[in-house]
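Since this is a predicted model, take the numbers as computed values, not measurements.
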Amino acid sequence: MAITADRIREKLIKEFAAVHVDVEDTSSNRCAASFKVLVVSSQFEGKPLLQRHRMVNTCLAEELKDIHAFEQKTLTPEQWEKQKSQ
């Protein structure tokens, strides 16, 4: 199955009961080789950044085999609200 932004988004929402997920294909020709994601989930509360990123990497392990560049930002709902108000 082809890697798409929608597929990644659905997987992250399901895995983390995410309240907000942004997925952007940042490949120059939108060839699904490079993605940037933002995941907002209460499951990240109390976890350091490295552990959050490992959680996302584990969730997307199959997809990451074929993705060449992957940028992620992981926030708790509280951090997300604070960031939106700035």
Under a 3.5 Å distance rule, please check whether [X] uses its side chain to pair with a backbone N or O of [Y] as donor and acceptor.
| X | Y | result |
| --- | --- | --- |
| K65 | A61 | no |
| T76 | S42 | no |
| R9 | D22 | no |
| S41 | A17 | no |

Using 4.0 Å as the upper bound for N to carboxylate O, is an ion pair formed by E10 and R7? no
At what distance, to the nearest 0.5 angstrom, does CZ of F70 lie from CD of E63? 9.0 Å
Are [X] and [Y] packed together at the side-chain level, in the sense that at least one heavy-atom pair is separated by less than 4.5 angstrom?
| X | Y | value |
| --- | --- | --- |
| V21 | V40 | no |
| T26 | E71 | no |
| V23 | L38 | no |

What is the ring orientation for F16 with F44, classed by angle as parallel under 30°, tilted 30 to 60°, or perpendicular over 60°?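 The arrangement is tilted - the two ring planes meet at 30° to 60°.
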Is the closest side-chain donor-acceptor distance between Q79 and K73 under 3.5 Å? no
Say whether T4 and D6, considering side chains only, have a donor N or O and an acceptor N or O under 3.5 Å apart. no
For [X] and [Y], work out which heavy atoms get closest and say how close.
| X | Y | value |
| --- | --- | --- |
| Q43 | E15 | NE2-O, 3.5 Å |
| L12 | C59 | CD2-SG, 4.1 Å |
| V19 | P77 | CG2-CG, 4.2 Å |
| S27 | D25 | OG-OD1, 2.8 Å |

More than 12 foreign heavy atoms under 6.0 Å from CD of E45: is that the case here? yes
Using the side-chain contact (heavy atoms from CB on, under 4.5 Å) definition, which of the options N57, L60, V39 pairs with Q72?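 Only one option passes, and that is N57.
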